[in-house]
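Sending over a structure as structure tokens; questions will come in a sec.
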Amino acid sequence: MNEVELLSDRVAAVQLERRRNRELQRRERIFSDKVRTIGVDKDALDHQVKELREKGQRQANEFKIYADELLCGDRVACVLEQRQKKDERLLNEAIVHFRQHFQQPASRREFDLNDPELLRKQEGVRILPGLTGEDPAQKDRLRKQQEQLRAWSLQQQDELERAKQQLQQEMHQYDQSRLALDDQALELQKMEEQSKKAAAIATKDFNLILAAEIANRRLQEHHEEEESNQTDILNQLNGDLLMENPEQNISVLGLSRLRREYYKGMSPKELQQYTQYQLQQAEDKKRVVVKQREKELQEHQEHMTSARAALLLERRQARINKELRRAMDNTNAKLAQAHDAQKKHLQDVYTNIPDERYFSQFNTSSR
């Protein structure tokens, strides 16, 4: 009978293989000391790797955009430079064209003087036969040139003469204005000196008058001060302080108050009253001291009674603690004996010692 592989068997085999692979991976994770003790968060690491790749990709894109902008700017600069060079070339060509067509050497004023080959370059000039190379208008041309040069030189001389006259006139006007300014400055200086002199004289007079007023005021103040001193001396000699008037120590607030600055001591009546008052205060103080001593003696007796009672309570508590300690020691001794007996019994009962075969049966599966 032919063996036929069914679809369900194939699915079961695939599922079994998947479970085996999953079990192997799980055993590797569980029995790996590093993973078990330290631990690795693969999802977090994958996320970090992904962020780093995205960051690198963003930086690469930014650099690419920056490079493209630089290339575009370079292209624009090259285009502008080529356009500028083209404009300069066209301008130079236009200048050359203008000079060739509108600034010919023949159109210059000094062309006849600097070009001895003028007659040969002229067009349409007819030369008599048999007179090749002769210049019949040479004398007239030279005469006109000399007249023209003479006119130019006279014109230059006139211009130079007018410039000299104008310069002399300007220098004369400058000298006149400078002299006028110097005269005005001298007048202003004289006026300033006169004003300073008048101000100095006025200041001197004012200072003399002020000094005289100050001297008179000081003299008057000195006289007034001497008069006030004499009056003060007389008032002090005739006053209540030196005369020792007994009524001067009475204050304006009443007979029970005295003025300290005028007080000269107590009267015999006041001394007698003060002595009686001191004797009464001494007796009151003695009574207070006696009462205080009686109170302290009573408090001392109360403290001694309470201390004696506290000592009796402390001794009683010590006896109770000693009895409790003795009972606890007896209990602990009994417990120790029971523990030793139990330990000895366990040693007699459990005599088998586990070997490697006992420990090798553990951790054989991830379950």
Tell me whether the count of non-hydrogen atoms from other residues, nucleotides or ligands lying under 6.0 Å of CZ in R143 goes above 12.
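Enclosed: over 12 neighbouring heavy atoms sit under 6.0 Å from CZ of R143.
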
Any side-chain heavy atom of K344 within less than 4.5 Å of one from D340?
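With C-beta onward as the side chain, the pair stays apart.
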
Straight-line distance of N92 CG to D87 CG, nearest 0.5 Å
11.0 Å

Quick one: which residue pairs count as a ring pair (Phe, Tyr, Trp, His ring centres under 6.0 Å) with a foot in residues 297-339, not counting sequence neighbours?
none

Please examine the side chains of Q82 and K85, heavy atoms only from C-beta on, and report whether any two atoms are closer than 4.5 Å.
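They are not in side-chain contact.
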
Any side-chain heavy atom of R18 within less than 4.5 Å of one from V14?
yes

Within the distance-only criterion (no hydrogens, no angle test), does the side chain of D232 pair as donor or acceptor with the backbone N or O of S228 below 3.5 angstrom?
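Not a single qualifying donor-acceptor pair exists.
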
I need the L234 CG to Q230 CD distance, nearest 0.5 Å.
7.5 Å

What do you reckon, is CZ of R89 surrounded by more than 12 foreign heavy atoms closer than 6.0 Å?
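Atom CZ in R89 is packed in, count exceeds 12.
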
Between L313 and Q317, is a side chain to side chain contact (heavy atoms under 4.5 Å, CB included) present by the stated rule, with each step listed?
CA-CA 6 Å; L313 289 174; Q317 186 67 32; over 6 Å; no

Any non-hydrogen side-chain atom of K50 less than 4.5 Å from a side-chain atom of E54?
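Side-chain contact under 4.5 Å: yes.
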
Going through the checks in order, is the side chain to side chain contact (heavy atoms under 4.5 Å, CB included) test met by Q220 and N216?
CA-CA 6 Å; Q220 185 177 359; N216 293 329; over 6 Å; no

Checking E88 now: which residues fulfil side chain to side chain contact (heavy atoms under 4.5 Å, CB included) with it, not counting sequence neighbours?
Q84

Show your reasoning for whether side chain to side chain contact (heavy atoms under 4.5 Å, CB included) applies to D158 and E161.
CA-CA 5 Å; D158 293 338; E161 188 68 24; 5.6 Å; no

What's the spacing between M171 CE and K164 NZ if we round to 0.5 Å?
15.0 Å

Give, for atom CG of L160 and atom CG of L167, the distance between the pair rounded to the nearest 0.5 Å.
12.0 Å

Examine the side chains of E227 and H223 and answer whether a donor and an acceptor come within less than 3.5 Å of each other.
no

With heavy-atom distances below 4.5 Å as the criterion, would you say the side chains of Q298 and E294 are in contact?
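Sidechains of E294 and Q298: no contact.
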
Just so I know, are the side chains of E170 and Y174 near enough to count as touching, which here means a heavy-atom distance under 4.5 Å?
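Of all side-chain heavy-atom pairs linking Y174 with E170, none is under 4.5 Å.
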
Side-chain atoms of residues 193-212: list all donor-acceptor pairs with protein atoms under 3.5 Å, sequence neighbours left out, distances to 0.1 Å.
residue	atom	partner	partner atom	Å
S195	OG	M191	O	3.2
S195	OG	E192	O	2.6
T203	OG1	A199	O	2.7
N207	ND2	T203	O	3.0

Apply side-chain hydrogen bond (donor to acceptor under 3.5 Å, both in side chains) to the pair E226 and H222, showing each step before the final yes or no.
CA-CA 6 Å; E226 287 183 352; H222 181 66; 2.7 Å; yes

Do the side chains of R325 and K322 get nearer than 4.5 Å, heavy atoms only?
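Not in contact.
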
R99: what forms a side chain to side chain contact (heavy atoms under 4.5 Å, CB included) with it, not counting sequence neighbours?
I95, Q103

Counterpart residues, ring pair (Phe, Tyr, Trp, His ring centres under 6.0 Å), relative to H172 (two or more places apart):
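Not a single residue meets the ring pair (Phe, Tyr, Trp, His ring centres under 6.0 Å) criterion with H172.
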
Let me see the working for D175 and R178 under salt bridge (Lys or Arg N to Asp or Glu O under 4.0 Å), right down to the final yes or no.
CA-CA 5 Å; D175 293 336; R178 188 174 61 182; 3.4 Å; yes

Less than 4.5 Å apart, any side-chain heavy atom of H345 and any of Q342?
no

Out of the candidates H47, K55, Q48, only one should pair with E51 under the side chain to side chain donor-acceptor pair (under 3.5 Å) rule; please name it.
H47

Stepwise side chain to side chain contact (heavy atoms under 4.5 Å, CB included) check, N332 with M328:
CA-CA 6 Å; N332 290 333; M328 187 180 294; 3.7 Å; yes

Exercise: do Q278 and Y274 side chains pair donor with acceptor under 3.5 Å
yes

As an exercise, state the distance from CD of Q169 to CZ of R162, rounded to the nearest 0.5 Å.
14.0 Å

So, using ring pair (Phe, Tyr, Trp, His ring centres under 6.0 Å) as the criterion, who are the partners of Y277 when residues are at least two apart?
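Y277 satisfies ring pair (Phe, Tyr, Trp, His ring centres under 6.0 Å) with no other residue.
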
First locate atom CD of Q59, then atom OH of Y66, and finally report the distance between them rounded to the nearest 0.5 Å.
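The OH atom of Y66 is 15.0 Å from CD of Q59, to the nearest 0.5 Å.
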
Is atom CD of Q273 surrounded by more than 12 heavy atoms (other residues, nucleotides or ligands) closer than 6.0 Å?
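Atom CD in Q273 is packed in, count exceeds 12.
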
